[in-house]
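Proteins get letters first, then strands, A, B, ... in listed order; numbering begins at 1 in each.
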Number of protein chains: 2
Amino acid sequence: MKLTNKGRYAVMAMADLASNAKDGPISLTEISLRQNISLAYLEQIFLKLKNNKLVRSSRGANGGYVLEKPASEIKLSNIIYAVDEEVKTLNCKKNSKRGCNNKSTKCITHNLWDQLDQHIIGFFEKVKLQDLAKLG
Amino acid sequence: MKLTNKGRYAVMAMADLASNAKDGPISLTEISLRQNISLAYLEQIFLKLKNNKLVRSSRGANGGYVLEKPASEIKLSNIIYAVDEEVKTLNCKKNSKRGCNNKSTKCITHNLWDQLDQHIIGFFEKVKLQDLAKLG
DNA sequence: AGGAATTCCTACTATTTTAGTAGGGATTAA
DNA sequence: TTAATCCCTACTAAAATAGTAGGAATTCCT
(Lines give C-alpha, C1' and ligand atoms only; values in the text may rest on other atoms or scores of the structure.)
Protein backbone atom coordinates (compact mmCIF):
# COMPACT_ATOMS: atom_id res chain seq x y z
CA MET A 1 0.00 0.00 0.00
CA LYS A 2 1.25 3.38 -0.88
CA LEU A 3 0.67 5.33 2.26
CA THR A 4 2.83 8.37 2.09
CA ASN A 5 2.94 11.96 3.17
CA LYS A 6 0.83 12.87 0.22
CA GLY A 7 -1.97 10.71 1.52
CA ARG A 8 -1.59 12.11 4.96
CA TYR A 9 -1.59 15.67 3.68
CA ALA A 10 -4.74 14.93 1.74
CA VAL A 11 -6.48 13.68 4.83
CA MET A 12 -5.24 16.66 6.82
CA ALA A 13 -6.42 19.09 4.20
CA MET A 14 -9.82 17.48 3.93
CA ALA A 15 -10.19 17.48 7.68
CA ASP A 16 -9.26 21.13 7.65
CA LEU A 17 -11.90 21.81 5.03
CA ALA A 18 -14.47 19.97 7.09
CA SER A 19 -13.73 21.61 10.39
CA ASN A 20 -13.28 25.14 9.11
CA ALA A 21 -16.34 25.19 6.94
CA LYS A 22 -17.83 28.63 6.50
CA ASP A 23 -20.19 30.35 4.11
CA GLY A 24 -18.07 30.49 1.00
CA PRO A 25 -15.32 28.27 -0.29
CA ILE A 26 -11.99 27.93 1.48
CA SER A 27 -8.83 28.83 -0.38
CA LEU A 28 -5.78 26.66 -0.48
CA THR A 29 -3.80 29.57 0.87
CA GLU A 30 -5.70 29.30 4.11
CA ILE A 31 -5.20 25.58 4.36
CA SER A 32 -1.57 25.98 3.45
CA LEU A 33 -1.05 28.35 6.35
CA ARG A 34 -3.04 26.37 8.86
CA GLN A 35 -1.62 22.98 8.03
CA ASN A 36 1.80 24.14 6.99
CA ILE A 37 1.81 22.42 3.65
CA SER A 38 3.21 24.17 0.60
CA LEU A 39 0.60 25.80 -1.58
CA ALA A 40 1.90 24.32 -4.81
CA TYR A 41 1.81 20.87 -3.35
CA LEU A 42 -1.71 21.36 -2.08
CA GLU A 43 -2.77 22.39 -5.54
CA GLN A 44 -1.61 19.11 -6.93
CA ILE A 45 -3.40 17.21 -4.23
CA PHE A 46 -6.65 19.08 -4.69
CA LEU A 47 -6.56 18.50 -8.37
CA LYS A 48 -6.86 14.83 -7.65
CA LEU A 49 -9.42 15.26 -4.92
CA LYS A 50 -11.49 17.21 -7.35
CA ASN A 51 -11.17 14.67 -10.11
CA ASN A 52 -12.40 12.11 -7.64
CA LYS A 53 -15.39 14.24 -6.81
CA LEU A 54 -14.52 14.75 -3.19
CA VAL A 55 -14.38 18.53 -3.42
CA ARG A 56 -15.89 21.18 -5.61
CA SER A 57 -13.96 24.27 -6.66
CA SER A 58 -14.78 27.82 -7.52
CA ARG A 59 -12.20 29.81 -9.38
CA GLY A 60 -11.16 33.41 -9.29
CA ALA A 61 -10.78 35.78 -6.36
CA ASN A 62 -12.51 34.55 -3.25
CA GLY A 63 -12.52 31.16 -4.84
CA GLY A 64 -11.56 27.94 -3.18
CA TYR A 65 -12.89 24.56 -2.32
CA VAL A 66 -15.79 23.04 -0.49
CA LEU A 67 -16.59 19.44 0.26
CA GLU A 68 -18.64 17.84 -2.43
CA LYS A 69 -20.51 15.73 0.11
CA PRO A 70 -21.20 15.96 3.83
CA ALA A 71 -18.22 14.97 5.94
CA SER A 72 -20.26 12.08 7.26
CA GLU A 73 -20.35 10.54 3.83
CA ILE A 74 -16.69 10.76 2.96
CA LYS A 75 -14.64 7.76 3.85
CA LEU A 76 -10.94 8.11 4.43
CA SER A 77 -10.38 5.34 1.95
CA ASN A 78 -11.87 7.60 -0.70
CA ILE A 79 -9.29 10.25 0.07
CA ILE A 80 -6.31 7.93 0.20
CA TYR A 81 -7.42 6.28 -2.96
CA ALA A 82 -7.83 9.61 -4.71
CA VAL A 83 -4.28 10.78 -4.18
CA ASP A 84 -2.33 7.58 -3.95
CA GLU A 85 -4.03 5.76 -6.73
CA GLU A 86 -3.37 2.27 -5.58
CA VAL A 87 -4.38 0.81 -2.31
CA LYS A 88 -2.23 -2.25 -2.38
CA THR A 89 0.77 -3.09 -0.29
CA LEU A 90 2.80 -4.58 -3.05
CA ASN A 91 2.27 -5.74 -6.53
CA CYS A 92 3.75 -9.05 -7.30
CA LYS A 93 5.13 -7.81 -10.56
CA LYS A 94 3.41 -9.29 -13.51
CA ASN A 95 6.28 -9.78 -15.85
CA SER A 96 9.07 -10.17 -13.42
CA LYS A 97 10.97 -13.41 -13.23
CA ARG A 98 11.74 -12.54 -9.65
CA GLY A 99 9.56 -13.37 -6.72
CA CYS A 100 5.91 -14.04 -7.09
CA ASN A 101 4.60 -15.08 -10.41
CA ASN A 102 1.33 -15.98 -8.84
CA LYS A 103 1.35 -19.62 -9.65
CA SER A 104 1.33 -22.54 -7.28
CA THR A 105 3.75 -22.51 -4.40
CA LYS A 106 6.04 -19.78 -5.61
CA CYS A 107 4.52 -16.99 -3.64
CA ILE A 108 3.33 -18.31 -0.34
CA THR A 109 2.94 -14.80 0.91
CA HIS A 110 0.72 -13.63 -1.88
CA ASN A 111 -2.51 -14.33 -0.03
CA LEU A 112 -1.10 -12.91 3.13
CA TRP A 113 -0.37 -9.58 1.56
CA ASP A 114 -3.80 -9.53 0.04
CA GLN A 115 -5.31 -10.08 3.44
CA LEU A 116 -3.27 -7.25 4.84
CA ASP A 117 -4.50 -4.95 2.13
CA GLN A 118 -8.03 -5.81 3.06
CA HIS A 119 -7.25 -5.08 6.66
CA ILE A 120 -5.88 -1.66 5.91
CA ILE A 121 -8.61 -0.80 3.50
CA GLY A 122 -11.16 -1.91 6.06
CA PHE A 123 -9.62 0.44 8.54
CA PHE A 124 -9.96 3.41 6.27
CA GLU A 125 -13.41 2.37 5.18
CA LYS A 126 -14.71 2.57 8.69
CA VAL A 127 -13.52 6.06 9.48
CA LYS A 128 -15.39 9.02 8.02
CA LEU A 129 -14.08 12.49 7.60
CA GLN A 130 -16.54 13.60 10.20
CA ASP A 131 -14.94 11.38 12.80
CA LEU A 132 -11.64 13.08 12.21
CA ALA A 133 -12.99 16.58 12.32
CA LYS A 134 -14.05 15.97 15.89
CA LEU A 135 -10.44 15.40 16.84
CA GLY A 136 -9.26 18.70 15.39
CA MET B 1 5.17 1.29 7.84
CA LYS B 2 7.97 0.05 5.75
CA LEU B 3 6.53 -2.96 4.08
CA THR B 4 8.62 -3.68 1.07
CA ASN B 5 9.83 -6.53 -1.04
CA LYS B 6 12.58 -7.16 1.43
CA GLY B 7 10.02 -7.86 4.12
CA ARG B 8 8.07 -10.06 1.81
CA TYR B 9 11.16 -11.96 0.73
CA ALA B 10 12.03 -12.49 4.36
CA VAL B 11 8.65 -13.99 5.07
CA MET B 12 8.86 -16.13 1.95
CA ALA B 13 12.29 -17.40 2.86
CA MET B 14 11.30 -18.19 6.41
CA ALA B 15 8.21 -20.01 5.21
CA ASP B 16 10.42 -21.93 2.84
CA LEU B 17 12.71 -22.88 5.69
CA ALA B 18 9.78 -23.99 7.73
CA SER B 19 8.10 -26.09 5.10
CA ASN B 20 11.22 -27.69 3.66
CA ALA B 21 12.79 -28.63 6.94
CA LYS B 22 14.96 -31.69 6.78
CA ASP B 23 17.72 -33.25 8.80
CA GLY B 24 20.49 -30.77 8.31
CA PRO B 25 20.50 -27.05 7.63
CA ILE B 26 19.13 -25.59 4.43
CA SER B 27 21.41 -23.55 2.22
CA LEU B 28 20.51 -20.21 0.79
CA THR B 29 21.26 -21.58 -2.64
CA GLU B 30 18.30 -23.92 -2.27
CA ILE B 31 16.01 -21.18 -1.12
CA SER B 32 17.28 -18.91 -3.84
CA LEU B 33 16.32 -21.44 -6.47
CA ARG B 34 12.98 -22.35 -4.98
CA GLN B 35 11.83 -18.83 -4.27
CA ASN B 36 13.61 -17.13 -7.12
CA ILE B 37 15.35 -14.54 -5.01
CA SER B 38 18.95 -13.61 -5.70
CA LEU B 39 21.44 -15.36 -3.47
CA ALA B 40 23.32 -12.22 -2.54
CA TYR B 41 20.13 -10.53 -1.51
CA LEU B 42 19.09 -13.51 0.57
CA GLU B 43 22.42 -13.36 2.33
CA GLN B 44 21.74 -9.82 3.44
CA ILE B 45 18.32 -10.75 4.65
CA PHE B 46 19.49 -13.77 6.58
CA LEU B 47 22.18 -11.76 8.25
CA LYS B 48 19.44 -9.73 9.84
CA LEU B 49 17.25 -12.69 10.61
CA LYS B 50 20.18 -14.26 12.35
CA ASN B 51 20.99 -11.15 14.35
CA ASN B 52 17.42 -11.18 15.48
CA LYS B 53 17.70 -14.77 16.58
CA LEU B 54 15.13 -16.12 14.21
CA VAL B 55 17.49 -18.53 12.49
CA ARG B 56 20.68 -20.30 13.36
CA SER B 57 23.48 -20.84 10.86
CA SER B 58 26.18 -23.36 10.26
CA ARG B 59 29.03 -22.42 8.01
CA GLY B 60 31.07 -24.30 5.51
CA ALA B 61 30.10 -26.91 3.00
CA ASN B 62 26.72 -28.46 3.73
CA GLY B 63 26.08 -25.44 5.89
CA GLY B 64 22.96 -23.38 5.91
CA TYR B 65 20.21 -22.23 8.17
CA VAL B 66 17.60 -23.68 10.44
CA LEU B 67 14.84 -22.01 12.37
CA GLU B 68 15.95 -21.01 15.81
CA LYS B 69 12.52 -21.74 17.25
CA PRO B 70 9.55 -23.86 16.22
CA ALA B 71 7.50 -22.28 13.45
CA SER B 72 4.61 -22.09 15.85
CA GLU B 73 6.50 -19.64 17.99
CA ILE B 74 7.64 -17.24 15.29
CA LYS B 75 5.35 -14.36 14.63
CA LEU B 76 5.39 -12.65 11.28
CA SER B 77 5.86 -9.37 13.07
CA ASN B 78 9.19 -10.69 14.30
CA ILE B 79 10.30 -11.29 10.76
CA ILE B 80 9.13 -8.00 9.36
CA TYR B 81 10.63 -6.18 12.24
CA ALA B 82 13.94 -7.98 11.79
CA VAL B 83 14.48 -6.88 8.22
CA ASP B 84 12.63 -3.63 7.97
CA GLU B 85 13.65 -2.20 11.26
CA GLU B 86 10.76 0.10 11.82
CA VAL B 87 7.16 -0.89 11.94
CA LYS B 88 5.62 2.52 11.58
CA THR B 89 3.67 3.99 8.73
CA LEU B 90 5.20 7.41 8.84
CA ASN B 91 7.19 9.46 11.20
CA CYS B 92 5.97 12.93 11.65
CA LYS B 93 9.44 14.32 11.27
CA LYS B 94 10.80 15.65 14.47
CA ASN B 95 12.61 18.72 13.29
CA SER B 96 10.63 19.51 10.22
CA LYS B 97 8.73 22.73 9.98
CA ARG B 98 6.42 21.01 7.58
CA GLY B 99 3.42 18.99 8.53
CA CYS B 100 3.00 17.48 11.93
CA ASN B 101 4.97 18.87 14.76
CA ASN B 102 2.89 16.91 17.15
CA LYS B 103 1.39 19.80 19.01
CA SER B 104 -2.25 20.74 19.29
CA THR B 105 -4.33 20.84 16.14
CA LYS B 106 -1.53 20.80 13.64
CA CYS B 107 -1.57 17.15 12.91
CA ILE B 108 -5.11 15.86 13.14
CA THR B 109 -4.04 12.71 11.44
CA HIS B 110 -1.31 11.85 13.87
CA ASN B 111 -3.48 9.66 16.07
CA LEU B 112 -5.06 8.10 13.06
CA TRP B 113 -1.78 6.94 11.68
CA ASP B 114 -0.80 5.59 15.05
CA GLN B 115 -3.97 3.58 15.14
CA LEU B 116 -3.28 2.22 11.72
CA ASP B 117 0.16 1.12 12.81
CA GLN B 118 -1.40 -0.78 15.64
CA HIS B 119 -3.79 -2.40 13.24
CA ILE B 120 -1.06 -3.60 10.95
CA ILE B 121 1.16 -4.74 13.75
CA GLY B 122 -1.77 -6.60 15.27
CA PHE B 123 -2.28 -8.38 12.00
CA PHE B 124 1.28 -9.63 11.86
CA GLU B 125 1.25 -10.50 15.53
CA LYS B 126 -1.57 -12.91 15.07
CA VAL B 127 -0.10 -14.92 12.24
CA LYS B 128 2.62 -17.42 12.99
CA LEU B 129 5.08 -18.84 10.56
CA GLN B 130 3.41 -22.19 11.01
CA ASP B 131 0.14 -20.83 9.68
CA LEU B 132 1.89 -19.80 6.48
CA ALA B 133 3.71 -23.05 6.00
CA LYS B 134 0.38 -24.78 5.70
CA LEU B 135 -0.44 -22.70 2.65
CA GLY B 136 2.75 -23.59 0.80
C1' DA C 1 46.17 -31.07 2.07
C1' DG C 2 43.24 -29.01 -1.22
C1' DG C 3 39.10 -27.76 -3.32
C1' DA C 4 34.31 -26.79 -3.17
C1' DA C 5 30.47 -25.09 -0.79
C1' DT C 6 28.87 -22.19 2.12
C1' DT C 7 28.16 -18.32 5.50
C1' DC C 8 29.78 -13.65 6.69
C1' DC C 9 30.43 -8.80 5.96
C1' DT C 10 30.88 -4.29 3.81
C1' DA C 11 30.59 -1.25 0.29
C1' DC C 12 28.81 0.28 -3.85
C1' DT C 13 25.25 1.46 -7.45
C1' DA C 14 21.22 1.83 -10.43
C1' DT C 15 16.49 2.53 -10.36
C1' DT C 16 12.35 4.11 -8.62
C1' DT C 17 9.57 6.81 -5.76
C1' DT C 18 8.53 10.75 -3.16
C1' DA C 19 8.21 15.35 -2.13
C1' DG C 20 8.29 19.43 -3.61
C1' DT C 21 9.28 23.50 -6.96
C1' DA C 22 8.41 26.32 -10.97
C1' DG C 23 5.99 28.76 -14.20
C1' DG C 24 2.51 30.16 -16.79
C1' DG C 25 -2.49 30.18 -18.15
C1' DA C 26 -7.52 30.81 -17.12
C1' DT C 27 -11.14 32.73 -14.35
C1' DT C 28 -13.59 35.72 -11.37
C1' DA C 29 -14.64 39.23 -7.67
C1' DA C 30 -14.09 43.82 -6.39
C1' DT D 1 -7.95 46.30 -14.40
C1' DT D 2 -5.86 44.19 -10.77
C1' DA D 3 -5.34 40.79 -7.38
C1' DA D 4 -6.58 36.44 -5.89
C1' DT D 5 -7.34 32.17 -6.94
C1' DC D 6 -7.79 27.73 -9.33
C1' DC D 7 -5.77 24.87 -13.21
C1' DC D 8 -2.26 22.15 -15.39
C1' DT D 9 2.17 20.32 -16.81
C1' DA D 10 6.75 19.69 -16.41
C1' DC D 11 10.79 19.51 -13.95
C1' DT D 12 14.08 18.33 -10.08
C1' DA D 13 16.37 17.05 -5.74
C1' DA D 14 16.50 13.88 -2.24
C1' DA D 15 15.58 9.57 -0.25
C1' DA D 16 14.61 4.80 -0.29
C1' DT D 17 14.75 0.39 -2.44
C1' DA D 18 16.55 -3.45 -4.62
C1' DG D 19 20.08 -5.51 -5.79
C1' DT D 20 25.29 -6.30 -7.16
C1' DA D 21 30.10 -7.10 -6.17
C1' DG D 22 33.89 -8.90 -4.06
C1' DG D 23 36.37 -10.96 -0.94
C1' DA D 24 37.22 -13.22 3.72
C1' DA D 25 36.37 -17.03 6.87
C1' DT D 26 34.79 -21.58 7.82
C1' DT D 27 33.81 -26.34 7.18
C1' DC D 28 33.02 -30.63 4.76
C1' DC D 29 34.68 -34.14 1.70
C1' DT D 30 37.90 -36.73 -0.92
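Within the structure, ring pair (Phe, Tyr, Trp, His ring centres under 6.0 Å) pairs that include any residue of residues 17-38 of chain A do not occur (at least two apart or interchain).
No more than 12 heavy atoms of other residues, nucleotides or ligands lie within 6.0 Å of NZ in K53(B), so this atom counts as exposed by the packing criterion.
Within 4.0 Å (heavy atoms only), F46(A) reaches no atom of the nucleic acid at all. Nucleic acid contact class of G63(A) (heavy atoms, under 4.0 Å, all strands): sugar-phosphate only.
Nearest to the side-chain atoms of S27(B) among the listed nucleotides dA30(C), dT7(C), dT21(C) stands dT7(C). In the set dT21(C), dA29(C), dA18(D), dT21(C) carries the atom at the smallest distance from any side-chain atom of Y41(A). Checking dT7(C), dG20(C), dT21(C) against every side-chain atom of S38(A), the shortest atom distance belongs to dT21(C).
The closest donor-acceptor contact from the side chain of S32(B) to the backbone of L28(B) lies at 3.5 Å or more, if one exists at all.
Ring-plane geometry between F123(B) and H119(A) is classed as tilted, the angle between the planes lying from 30 to 60 degrees on a 0 to 90 degree scale.
The distance from atom NZ of K6(B) to atom C1' of dT20(D) is 14 Å, rounded to the nearest whole Å. K50(A) has its NZ atom 17 Å from the P atom of dT5(D), to the nearest Å. In this structure, K48(A) atom NZ and dG20(C) atom C1' are separated by 13 Å, rounded to whole Å. As a whole-Å value, the separation of E30(A) CD from dA4(D) C1' is 12 Å. In this structure, R8(A) atom CZ and dA19(C) atom C1' are separated by 13 Å, rounded to whole Å. Between N5(B) atom CG and dT17(D) atom P the separation is 11 Å, expressed in whole Å. The interatomic distance linking L28(A) (CG) with dC8(D) (C1') rounds to 14 Å, in whole Å. Rounding to whole angstrom units, CG of residue N62(B) and C1' of dT26(D) are separated by 13 Å.
The nearest heavy atom of DNA chain D to N51(A) and to E43(B) marks one nucleotide each, and the one closer to the 5' end goes with N51(A).
The base of dT7(C) sits with one of its N or O atoms less than 3.5 Å from a complementary donor or acceptor on the side chain of R59(B). Below the 3.5 angstrom threshold, one finds a donor paired with an acceptor across the side chain of Q44(B) and the base of dT20(D).
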